[in-house]
Amino acid sequence: LPSLFPGSGGLETFVPNSLLWLIQRDFLEGSTVDEMVKGALQPVANPTKDKHVDELNRIRQSLRSLARNSTAFGLRQPHLQRTKLCEMGDSQLEPAYVKQRTQLRGIVRRAAYAKSIVGAGLGGGGVGGSGLMTGPALATLIERSVRALNEGDFPSAGNVVDSFNRDALERHLAEYAAALDAVPLPALDDALLQAHEAAAYRALEGFRRDRFGRGAVTVASLKTKMEERYAGKKEKNGFASNRQCEALASACEEELVGLQTMRLPSLRKFDDSWEACNATWSKQCVGPSRASYAARLARSAARERSAFLQSYNARLLNGLLIASIAGIVVFRFLIKASLLELGSWAMFIFLEVSPKLYLGPGESMFESAWWTSAAQAWEVVVYNPVVDLDKAGPALGGVVLSLLLWVRLRGCVAWFAACCPCLSGVCWWCCGGWLCL
């Protein structure tokens, strides 16, 4: 109390000036009233360390040190008929009792002092602003107390402690919530759990340190509120994880579907694209939805790769057939090369006949060793660290076509120059283009 109310007179407001013990002499058993009070306030031995005895000794010590002036007074029995005392006058009571009662009144008048008032005097209260409790001040205090009781605003030791502890709880709960909100979402389940446990430990330790006494606001209350916050954070993490993993998985699935329409089919490119997309997904998809979307993405990859393999060999065969036909046309009309034209014819016939009349090991030509080697060579040419023909193919095809046309036009120019030297410097329409000799 002195620390809460500093100053010379702060403690006097709460400590009584005098303490009067009124004892019925019938129970003195031969001792005086002072001896009985002093004996009753002395601590008793407690060899068994009984907590109840310790509590009684603590109360005795408090009562001994509570008042500066402690007085004991004994009264005789006023009358043998105790149930009718209120109906009796002083003439019917024991004369010794009446005399002692008069003495008691004098003692009370001498020992009683006006109570000090904390702060400003109540309306009509303190005498000359001295801060002492008077009759009008007491009446005003009672009126205010009754009004506060009726309105439910009258403070008590219990609700003051609860209010203090509630403020401490809200403060540490806010610190816990701030630590939990600092975790970016989506987050790994273990990372979120570690953040929760660390923040909860700090909040509980701080609350235990700041909490005062007992009451309705307990450590269990703080734990319950933190668990509710943690459950809400986990739910938000689940939503964020589902949203992010869904977007990443959909992007990978769209890319796998797009690979089905490659101009130049390459199984190596399909696998590399899938691995790159899966690496991005694995790095960015975190949280509780990761496992379910991992299984979904694996199923999608297996399905799309199976579909790609089904069309891969057929598209590769069609590509070789187109290449053989293109070789026949080029080596017959653009570049005169009989052996190359013959080889193109042989490849065309072989590719047309072999799948239908295949007699080698395996179920089809696509399982033969030469086809496997051809497919590996095709993969090396079409998709390698240097060039991706699926992207660069149109440009390279245009360059090759331009080169072939240039060679063919040069042949036309040479033929005109040989046949008609006099036309040198004249432009002619030849082989689909203008020639200037």
Side-chain angles (χ1 to χ4, degrees), residues 251-281 297-335 337-405 407:
C252 281
E253 290 173 346
E254 291 176 1
E255 184 174 352
L256 292 175
V257 172
L259 291 173
Q260 301 287 344
T261 59
M262 280 189 289
R263 287 185 292 268
L264 299 177
S266 171
L267 186 59
R268 182 183 297 178
K269 181 179 180 179
F270 183 94
D271 292 338
D272 287 352
S273 299
W274 155 243
E275 290 176 1
C277 185
N278 187 52
T280 302
W281 179 89
L297 199 56
R299 291 192 299 268
S300 298
R303 182 179 64 252
E304 296 300 331
R305 193 176 193 276
S306 176
F308 185 82
L309 284 174
Q310 290 178 1
S311 62
Y312 175 74
N313 290 324
R315 294 179 63 189
L316 195 58
L317 178 61
N318 293 334
L320 291 176
L321 287 172
I322 294 173
S324 62
I325 294 174
I328 293 172
V329 174
V330 169
F331 299 130
R332 181 176 182 84
F333 299 103
L334 297 180
I335 301 175
S338 301
L339 290 178
L340 294 178
E341 180 186 355
L342 183 60
S344 299
W345 276 109
M347 184 176 68
F348 176 77
I349 295 172
F350 176 76
L351 293 175
E352 280 290 335
V353 175
S354 182
K356 301 177 179 64
L357 301 178
Y358 178 72
L359 301 176
E363 297 181 357
S364 66
M365 178 189 71
F366 302 132
E367 299 179 2
S368 62
W370 74 266
W371 180 263
T372 303
S373 300
Q376 292 175 351
W378 166 261
E379 292 288 342
V380 172
V381 172
V382 172
Y383 183 74
N384 55 73
V386 178
V387 64
D388 180 6
L389 286 183
D390 188 58
K391 296 180 178 179
L396 292 178
V399 171
V400 172
L401 182 59
S402 300
L403 182 60
L404 292 175
L405 291 175
V407 171

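All values reported here derive from a predicted model rather than from experimental measurement. Numbering starts at 1 and runs along the sequence shown.
Put simply, CG on N318 and CG on N313 are 11.0 Å apart, with the number rounded to the nearest 0.5 Å. Rounded to the nearest 0.5 angstrom, R332 CZ and W345 CH2 are separated by 8.0 Å. Atom CG of L342 and atom CZ of F331 lie 12.0 Å apart (nearest 0.5 Å).
A donor-acceptor pair under 3.5 Å is absent between the side-chain atoms of S306 and the main chain of R303, judged by distance alone.
Remark: I349 pairs with V353 by the side chain to side chain contact (heavy atoms under 4.5 Å, CB included) rule, at least two apart or across chains. Shown here are the side chain to side chain contact (heavy atoms under 4.5 Å, CB included) partners of E255, two or more places apart in sequence or in another chain: S273, C277. Residues satisfying the side-chain hydrogen bond (donor to acceptor under 3.5 Å, both in side chains) test with E304, not counting sequence neighbours, are Q260. Here D271 pairs with R305 under the side-chain hydrogen bond (donor to acceptor under 3.5 Å, both in side chains) rule; sequence neighbours left out. Applying the side chain to side chain contact (heavy atoms under 4.5 Å, CB included) criterion to D272, with sequence neighbours excluded, gives R268, E275, Y383. Taking F308 as the reference, F270, Y312 meet the ring-ring contact (aromatic ring centres under 6.0 Å, His included) condition, with sequence neighbours excluded.
Among all heavy-atom pairs drawn from L321 and E352, the shortest one is CD1-OE2, 3.5 Å. When all heavy atoms are compared, the tightest approach of S344 to S324 is CB-O, 3.5 Å. The two residues L297 and C252 make their nearest non-hydrogen contact at CD1-CB, 3.7 Å. When every heavy atom of A301 is checked against every heavy atom of L256, the shortest pair comes out as CA-CD1, 3.7 Å.
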